Every structure is written in C-alpha cells, then in structure tokens.
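A short worksheet on the structure shown next.
Fair warning: this is a prediction, and the values are worked out from it, not measured in the lab. Here is how names work: the chains are called A, B, and so on, in the same order as the sequence lines, proteins then strands, and each is numbered from 1.
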Amino acid sequence: MSIDLKNELNKAQYEAVTTTEGPVLVIAGAGSGKTRTIVYRLAHLVEQGVDPAQILLLTFTRKASQEMLTRAAEILGRPLDGTSGGTFHSFAFATLRRNAMDLGFESGFTLMDRADQENAVRDVRAELELGKGDKSFPKKNTVLDLITKSRNKEEPMDAVVQREAYHLSPYVEDLEAIARAYAIFKKKHALLDYDDLLFELDKLLTKNEPLRNQLSTRYRYIMVDEYQDTNLVQARIVKHLVGESGNVMAVGDDAQSIYAFRGANVDNILKFPEIFSGTKIVRLERNYRSVQQILDLTNHILDNARTKFDKELYSDIPGNSVPEVVYPISDQTQAKLVLDRILKLSKKYPLNEIAVLFRAGYQSFHLETSLARLGVEYRKFGGIRFNEAAHVKDVMSLLRLCVNTNDLIAWQRALDHVKGVGPKTVAKIYEALHTDSGGKYLTKMRKKHEALNDLLNELDVIRKSPLTPAGTLDRLISFYQPILTEKFPDDYPKRQQGLDQLAQIATSYQDMDQMLADLSLEGDPDDKEVDEESVVLSTVHSAKGLEWKAVILIDLVEDRFPSRRAVQRPEDLEEERRLMYVACTRAKEHLSLFVPKTIYNRYNGSSEPAMPSPFVMELPNDCFERFHESYSGGIEQRKSASVHAKSPSRAAASAEPKQPSGKPATKLGYCNHKIFGKGKIIAEIGPDKYRINFPGFGLKVIIKDYVELL
DNA sequence: ACAACTAAGGTTTTT
DNA sequence: CCTTAGTTGT
C-alpha cells in the first residue's frame, strides 16, 4: 500500500516532500501545513526504502519531534525504528555524552539549568569580590543574560553591552572577568550549560574528523524545523552533519522569528541557499488553519513590520468570525471578562480548544485565581516549571550528587537544610571531600551536624550499590521526606505529589544522566493523562507551533505587550511585533484581543491609565469589532465600523473614558537621544520641543534638534 | 566569621 | 511574589 501524496498534499507541499535529494528550504507561513509536510516527508522517505535510522529530525521541542514521528508511523502503518529526533540541545547532549572522554570529562558531566547557572555566576562574582557594596552592579540574572547573549551571538562582551545595555558600560571589564571565571568554574565542576552543549558539539565535530564523518554518513537525511530560530552555532552544526550527501531540509518562517533575544539569527534562514548551493526553495502560503477574517488581521500586523515579509497568507476555510477587541475597565476586571468569554466559548468548543495567551508568565495570575475559584480546569505553559520547583530541585541535587560528586552547586543545595551550615561551610566541606587530608575536618563536622552525617551516609550507601534511577529516587525521596515537611509546612502535600510524579517519571529511565538531562532540557514532563477538559494558559513563546479553535490574548497594553524592556531598541520592538503575529496566528476560528484601560500599579496601590498596545492601535478599523466594558459589568459593542449592532442597549457606557486613539502620542512615535537613549514622544510642546518619556529617566522636554526621530 | 532573620526593591521570553 | 541587601544573633 502506498501513500497517495498527490491527494494528501497541495502542490508546494508535494514538492517539498518529494524533493528528497539535495538541500531544500521550505518557507512555511503560519498554519500552512508545515508539520504535515515534515510528517509526510518522513513517511515518504521510509517508503522509498530509506532506513529510518538514517534520518535526523531536529525540532524545537522534543514533544514536537515525537509527535511528528508518531504521525509518520501512523501514515506508514509501521513504526520508524531508530530515527533520531529531538532538539539541538538534546541531540548535542546525547552525542557529547557518548564522547565525554574526548571533551576532557573522564567521569561524565552534568547539565546545568538556569538556576544552576545563576548560582554559579553568584559564587564566581563573590569569589572575585567584584562590585562589593555597589548597588548598581548588575544582578546575577542580568550578568548571565549578557554572558549567554555574548556567546550565542558570538560577539565580544563590550559589543553586546554597548548595543544592548549601554548603562552597564562601566562594568564591561568586570563582566568579562566574571564570564571567564564562570567558564573555569564549569570546567572544574564538570558542568555544562545550555550554550556549552552546542559549542562543545561544534568543537567536537570540527576537530574530530572520524566522528564527523561517522555522523554525516549515518544521517543521510536531515530535517530542521523552526530554522528561523537557530543561531550561528546551530547552523554550523547542521553544516557539519550534512556533510557530503547534502540532503538537508530546513523549514521555517522568517516572520515568526521570536528568539533573537537568545541569539537566534534570522540570517540563517535567509542565507541558507548561499551555504548550501543548489538549494531548492519551496514556499507554503496557503493557510489551512484560520478563517480569512483572522488572516486579514494577522496580515495587517505584518504590514507595519520594518522588514517586510514577502508573504500574504490566504485561506478558504469557511467561517464568519470577525476578531474582536475588548476593552475592560482594568486588568482586574479583564480576568472576569475573559472568564465570561471562556464560558461562552465553551458552549461551542471543548475547553482544550480554547487558549489564553500572554507575553509574560505572571500575566495570567488574576485569571488563574478566577478559574480556580470557579473550578475550571486549566493547564499552564511557560512560567514556573515542574523541574524548577524548589522541592524538585532539592531532590534532584541529591540525585546529582550520586553521579557527580564534583557538582558544587548540588552540594550547596543539598546542604542547605543543615542548620548552621551556610555557603562558606559548604565550600569547606566540599574541599574536605575532595582532598585526602580532609578526613579529620569531616569527622568533626559529621559529629557536629547530625543532618550532614545522615546525608553523607545516605549518599555513600547509594553510591556503593547503584540502583535503577527509580530505585535511587525512591530512597532519596524517603530521605527527603522529613526535610520536605519541615521546609514547606503550608503545602507539602501538594509538593509530595510532585515528587511522586518525579518517581513515576523515573521508572521509564535506565540511565540517571539521561533522566537528569531530560528534566533540564524539556521543561515539563508530559502529563500522562492530559485532562481533555482544560483551558490552556500559555506564554506566546510556549505557544509556538500550537493551534486552537479559539484564542484570547490579554494585557495588550504598552509596557506589557510589547514588553517594557523591548521598547528601547527598534529590533526588539520588531521582535515583539512578530511575537504578536505568532500569537494571533494560533487562532483557527475565534480571536479575542483584550486591552485593559487601566493597569494596577503596586507602587502607588492604584490603577493607572494604560495606553493600548501599538499593535492594536494600528489595526485598521474594519478588521475587528470593538467592545467596551460598561461600569455595570457587561460588555457592549461600540463604534462605527461594526458589521452588526445587536448589542444590548445599556446606557451606562457614556461615562467611560474616551478612546485614546486620536491622541498624538502614537503618531509622534519614538526617538533617539544621545544621552537618554530611546524614548517615546508624548507631546509636541511649542514649535521646537517635544515632551519625551525616556525609560529609566522619566519625562523630559527636549529641543527637537537634539533627537533623532525613529 | 558566619548563619539566620528582616525589610525592601523589582518582575520577559527559553533550551 | 521572589530575590537580595542589610542587620542581628550565635
């Protein structure tokens, strides 16, 4: 039985699927059947007689690649045995681990997650005694951001600071020193961070020719999804792996590039044809996801992009659902209105076909409490993750110490519950454990601190008789039990469930390192039985590649979406626009945009007026319907351009603040000032002056000649 | 000298 | 709400 490709695919998709030899670049608009194309290509290759083990599929999440492989197997009617699939990072981890010796890690290495990295930066800075008592010294978070940005963009620190954090210029040398010490720290403690995975793999493939040849021979067919979000190292890795065969397909959409902040480089996708000569370019422009009204709106979002995207999506999905823009009175009442909207939509769609999207994890907080109060189930993506929860990290560090006794970060965490032992003492104990002469000190400390003694004994027992990951975890969780109840008196039962879940996950692993890495590499473990009846709450980033019948976007006001941090530099603002595009293109049939008129400000404890997001302001009136919340609680349709006027006639609406759409602020736009940097022009004062709001500096009146308009 | 406690300041996005 | 700097206590 063979697959009827012609029937299952459109012309462009068919071409992408059947061009199996040589480099192919697929520019796939949102909802254009990108996944379908990859899935069919996988199936097609295997049907043509390609050994599944010769295929490598690199995707953005491991879940995505698993799903594609499963779907391909369904089409084929048999499983794809041996196909490698996963993220760049997970692939790198697996390859590096098989070659740990080559890297200089005789006894393996441990992967650090974000918190580990921050802790390491904190320690290193303390060690170097940099910025003692200097309140404006960048925080570890910021320091780490700059370090990884400099690595991912492969630019020197001073260039990054110059461009993206000019106010930190005085600290450039300190930052460089920390970056160097951080690298040494990792080496010393057999730790690799996310960036190291990629750079070490690149290094390994560059210098180890036999390995490179072995891999490029093995992977005769390589497919890379979301290519617009790869960075320079990732592109080099692809190049290494492709080798002689030249059979590589990159799939992506330049309009959906949303990871520049971590070093992704859109140029990768644009330059792909240069790097792989003879590239065949296929464009998928037909949209199979959304009704035309939604596409009209999303196309408008791109209209105002600085870099124009040569793309206009079209769809012939039947449906007559005009997107709506809803103006709640405040972000607090927004939660209630969103809830009402969800309940209304749930009559038409199952809950898991409804998603609420937002820019940053914390923005769903109000809504979460409302949903919980009403007993509506929800699943949240983005924000705090399972493996970042304190109790999970605690147990994980115990586990890490069983495999890597050099892991200082894990020691710090594991010894945290020992009363009377702080950072300094941990360092001493660590030293004692790693030097022959440390015995006396250790026995002294073991006598002094019973909890320390217990822990070391426990670890010894486990190390002497290694169990399976699940067995080890069971032991450690029992050991941790008393600590859990003491540390989290308020909610330990809930956390206990999390640990049980962790133990459950462990049963599917034979290998401890692998399990540890997976937990860091793949945020949340798969909910075994996904509750079908749960609304989805997600950050826009985490919603990438997903779709729902109904999508609700909240907090579309200035400083939130676009993020306050992104307004300063035009490139960042452009990325926010693409983010907005990604968010809206997730919707198949229904799209609601919520624009609260006021935002609660905890600084002065009151609600303050908020400007609607520029991305909403610039939308033409005819591509959405407008609703305002009335003070009596309901929402009412308002404004001229509406198609129908069925709204209930409550008169209260007239008391509302005016739509700020006509205000000059948005027309005046942004500008650059030599000293204050990027600012938003609020008003024109007289013939030659502007009132400008500079983030970090506040309102200023500046003579026009001194600013550069953007 | 170091750990524990307390008050205040600041919040993007992710592998 | 979660991190961190400053203060108190051992």
Integer-rounded Å distance: B:dT12 C1' and A:E118 CD: 13 Å
Whichever of A:R565 and A:K428 has its nearest DNA chain B nucleotide further upstream toward 5': A:K428
Separation of atom CD in A:Q256 from atom P in B:dT13, rounded to whole Å: 20 Å
Working for salt bridge (Lys or Arg N to Asp or Glu O under 4.0 Å), residues A:R586 and A:E547: CA-CA 5 Å; A:R586 302 305 98 198; A:E547 57 178 29; over 6 Å; no
A:K494 to A:F488 six-membered ring, cation-pi geometry met (6.0 Å, 45°): no
Main-chain N/O of A:Q568 paired to A:D572 side chain as donor or acceptor, under 3.5 Å: no
Near-strand residues of residues 224-237 of chain A, defined as heavy-atom separation under 4.0 angstrom from DNA chain B: none
Distance in angstrom units between A:E388 CD and B:dT11 P, rounded: 18 Å
Atom-pair distance (CD on A:E368; P on C:dC1), nearest Å: 12 Å
Sugar-phosphate, base or nothing in reach of A:S90, heavy atoms under 4.0 Å: nothing
Under 3.5 Å: donor-acceptor pair, side chain of A:S90, backbone of A:G86: no
Selection from B:dC2, B:dT13, B:dT15 that lies nearest to any side-chain heavy atom of A:H89: B:dT15
Spacing of A:Q568 atom CD relative to B:dT12 atom P, expressed in whole Å: 13 Å
Sub-6.0 Å ring centroid separation between A:F561 and A:F358: no
Full working for salt bridge (Lys or Arg N to Asp or Glu O under 4.0 Å) between A:R564 and A:E558: CA-CA 7 Å; A:R564 177 153 43 95; A:E558 269 186 12; over 6 Å; no
For atom CZ of A:F381 and atom P of B:dT15, their distance in whole Å: 12 Å
Short side-chain N/O contact to B:dT14 OP1/OP2 from A:T539, under 4.0 Å: yes
Modelled atom types, side-chain donor and acceptor of A:Q334 and A:Q332, under 3.5 Å: no
Protein-nucleotide distance (A:L111, atom CG; B:dT15, atom C1'), rounded to Å: 9 Å
Candidate nucleotides B:dA3, B:dT13, B:dT15, ranked by approach to the side chain of A:K424 - the nearest: B:dA3
Donor-acceptor side-chain pairing of A:Y509 and A:D518 below 3.5 angstrom: yes
Nearest-neighbour nucleotide for the A:F261 side chain, B:dT12, B:dT15, B:dT14 considered: B:dT14
Electrostatic pair A:K149-A:E164, nearest N-O below 4.0 angstrom: yes
Sorted by number, the residues of residues 357-367 of chain A with heavy-atom contact under 4.0 Å to DNA chain B: A:R359, A:A360, A:G361
A:S563 side-chain proximity, nearest of B:dC2, B:dT14, B:dT12: B:dT12
Annotated protein contacts, base or backbone, on nucleotides 2-7 of chain C with a non-hydrogen cut-off under 4.0 Å, one of B, S, - each: -SSSS-
Sugar-phosphate, base or nothing in reach of A:Y259, heavy atoms under 4.0 Å: sugar-phosphate
Gap between atoms NE2 and P, on A:H417 and B:dA3 respectively (whole Å): 15 Å
Nearest to side-chain heavy atoms of A:T425, which nucleotide of B:dT14, B:dA4, B:dA3: B:dA3
Test item: A:K544 and A:I258 side chains (from C-beta on) under 4.5 Å apart, heavy atoms: yes
A:Y259 and A:F60 aromatic ring geometry - parallel, tilted or perpendicular at 30°/60° bounds: tilted
Electrostatic pair A:K186-A:D193, nearest N-O below 4.0 angstrom: yes
